[in-house]
Amino acid sequence: MKFLDAEFVQGFIRMATDGWDQGWHERNGGNLSYRVKAEEVESVKENLTAGAWQPIGTSVPQLACEYFLVTGSGKFFRNVSIKPEDSICMIELDETGEQYRIVWGLVNGGRPTSELPSHLMNHEVKKLKDEKYRVIYHAHTTNIIALTFVLPLEDKVFTRELWEMATECPVVFPDGIGVVPWMVPGGRDIAVATSKLMEKYDLAIWAHHGMFAAGEDFDLTFGLMHTAEKSAEILVKMLSMRPDKLQTITPTDFRDLAKDFKVNLPEEFLYEKN
Ligand code: 13P
Ligand code: ZN
């Protein structure tokens with residue numbers, strides 16, 4: 001099969017295009033990675049060539065010998081559907097989980113996203129918890145970023161405020177959302193901080209920068225990002241009208257919702273406000 005005809009490649013390209021359409025990917029902002037299934041690697045095998053091994057910049061031994069489809073560093077989401085072979089690549093990890101090599105794509109040179117350490121460390125955490133997780137997505141979501149300038153940078157505050165702004169939020173992300181304070185992007189330190197939050201959550205905010213989402217497939221991961229960002233947009237609109245709420249969803253309401261929708265909403269997020 002031709003590489004670009006494979007369903008997983010098409011799904012990846014469509015998700016990048018959907019993110020661009022949302023306005024979350026100015027210039028080269030954001031990045032996307034997918035942990036490719038063994039049978040999917042097999043289906044495109046005839047297209048693969050091996051480049052030189054390069055250091056990942058961190059160690060992900062649990063992902064040894066796995067393949068990932070990833071966006072290229074400095075590449076524009078706008079161009080992923082227009083010139084995919086220039087904008088994205090497939091990489092293979094070595095048996096130590098410390099090096100990668102490009103096996104397809106980036107035909108005009110370049111390297112995988114500068115956030116590869118964060119992507120791979122998040123993949124490792126998620127794979128260990130649940131083999132079904134395959135997608136890690138980083139987007140520069142406007143309203144979430146705006147909120148990181150006015151809300152305390154605490155998991156419990158962001159979780160509770162986003163839950164209150166849209167009834168489906170506690171059902172879509174019942175575990176809540178984590179917050180990483182501002183850190184230099186692109187390195188191992190921010191990757192360690194983010195992957196620690198990914199042990200508990202499927203969503204992590206990078207203060208004054210954007211958000212990371214993890215999920216089983218492209219639809220669920222995009223939907224998660226979209227739901228959290230939509231809720232943030234409602235909060236930004238509400239705060240623009242007046243600083244306080246006349247009414248909202250209460251902790252008791254959340255407990256009732258949890259019962260009917262059969263989700264577990266941790267009590268740490270249902271605190272009394274004063
Ligand atoms: P890359 O172009 O290297 O993926 O970087 C974009 C980005 O959003 C960094 O956080
Ligand atoms: Zn970014």
Side-chain angles (χ1 to χ4, degrees), residues 12-13 15-35 51 54-58 60 68-91 93 100-102 104-123 135-149 153 158 177-198 201-214 218 221-222 224-226 228-229 232:
F12 185 98
I13 292 171
M15 180 159 163
T17 304
D18 288 348
W20 161 255
D21 288 342
Q22 289 297 326
W24 300 337
H25 300 286
E26 74 292 339
R27 205 174 181 279
N28 64 309
N31 21 76
L32 174 62
S33 65
Y34 171 72
R35 186 164 62 84
Q54 307 286 345
I56 293 169
T58 191
V60 283
F68 295 84
L69 200 55
V70 293
T71 48
S73 185
K75 300 295 182 180
F76 294 18
F77 267 52
R78 175 75 181 97
N79 291 332
V80 168
S81 65
I82 297 165
K83 39 179 179 175
E85 60 292 319
D86 171 71
S87 307
I88 66 176
C89 62
M90 186 146 105
I91 59 170
L93 303 199
Y100 73 87
R101 63 182 176 188
I102 295 173
W104 184 90
L106 288 177
V107 292
N108 297 309
R111 59 187 179 96
T113 172
S114 58
E115 305 297 358
L116 191 64
S118 281
H119 278 259
L120 294 180
M121 291 189 84
N122 291 341
H123 275 293
V135 183
I136 300 291
Y137 180 34
H138 169 56
H140 292 177
T141 42
T142 316
N143 293 284
I144 284 281
I145 297 169
L147 289 174
T148 65
F149 293 93
L153 299 176
F158 270 84
I177 184 164
V179 186
V180 178
W182 188 88
M183 292 177 77
V184 176
R188 188 171 180 276
D189 290 351
I190 198 166
V192 170
T194 311
S195 60
K196 215 167 145 56
L197 291 177
M198 282 291 178
Y201 309 113
D202 284 345
L203 283 165
I205 293 167
W206 280 5
H208 323 324
H209 184 147
M211 196 164 21
F212 265 83
F218 297 121
T221 313
F222 189 85
L224 183 59
M225 184 74 82
H226 200 187
E229 170 60 7

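Numbers here are sequence positions counted from 1. Order of appearance sets the numbers: ligands from 1, and atoms from 1 within every ligand.
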- Do the two ring centres, one from His208 and one from Phe149, sit under 6.0 Å apart?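 Ring centroids of His208 and Phe149 are less than 6.0 Å from each other.
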- Query: Got a second to check how far Ile145's CD1 is from Trp206's CH2, nearest 0.5 Å?
  - Reply: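 It is 11.5 Å, given to the nearest 0.5 Å.
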- Task: With rounding to the nearest 0.5 Å, note down the distance linking CG in Asn28 to NZ in Lys75.
- Result: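 Reported value, rounded in 0.5 Å steps: 10.5 Å.
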- Can you name the closest pair of heavy atoms from Phe212 and Ser118 and give their distance?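 Looks like CZ-CB, 3.9 Å.
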- Task: Check whether any side-chain heavy atom of Ile205 lies under 4.5 Å from a side-chain heavy atom of Ile177, and answer yes or no.
- Result: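 Yes - at least one pair of side-chain heavy atoms lies under 4.5 Å apart.
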- What protein atoms of element N, O or S are positioned under 2.8 Å from the Zn ion (ligand 2)?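 Near the Zn ion (ligand 2), below 2.8 Å, one finds His138 NE2, His140 NE2, His209 NE2.
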- Message: Please identify which of these residues, His123, His138, Glu115, meets the side-chain hydrogen bond (donor to acceptor under 3.5 Å, both in side chains) condition with Ser33.
- Response: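 Among His123, His138, Glu115, the one meeting side-chain hydrogen bond (donor to acceptor under 3.5 Å, both in side chains) with Ser33 is His123.
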- Task: Run through Asn79, Asn108, Leu106 and flag the one making a side chain to side chain contact (heavy atoms under 4.5 Å, CB included) with Ser87.
- Result: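 One option only clears the test, and that one is Asn79.
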- Query: More than 12 foreign heavy atoms under 6.0 Å from CG of Asp189: is that the case here?
  - Reply: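 Not buried by this count: 12 neighbours or fewer within 6.0 Å.
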- On the 0 to 90° scale, with breaks at 30° and 60°, tag the Trp24-Tyr137 ring pair as parallel, tilted or perpendicular.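 Ring orientation of Trp24 relative to Tyr137: tilted.
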- Query: Taking any residue with a non-hydrogen atom under 4.0 angstrom from an atom of ligand 1, which ones do you get?
  - Reply: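 These residues qualify: Asn28, Gly29, Gly30, Asn31, Ser73, Gly74, Thr113, Ser114, Glu115, His138, His140, His209.
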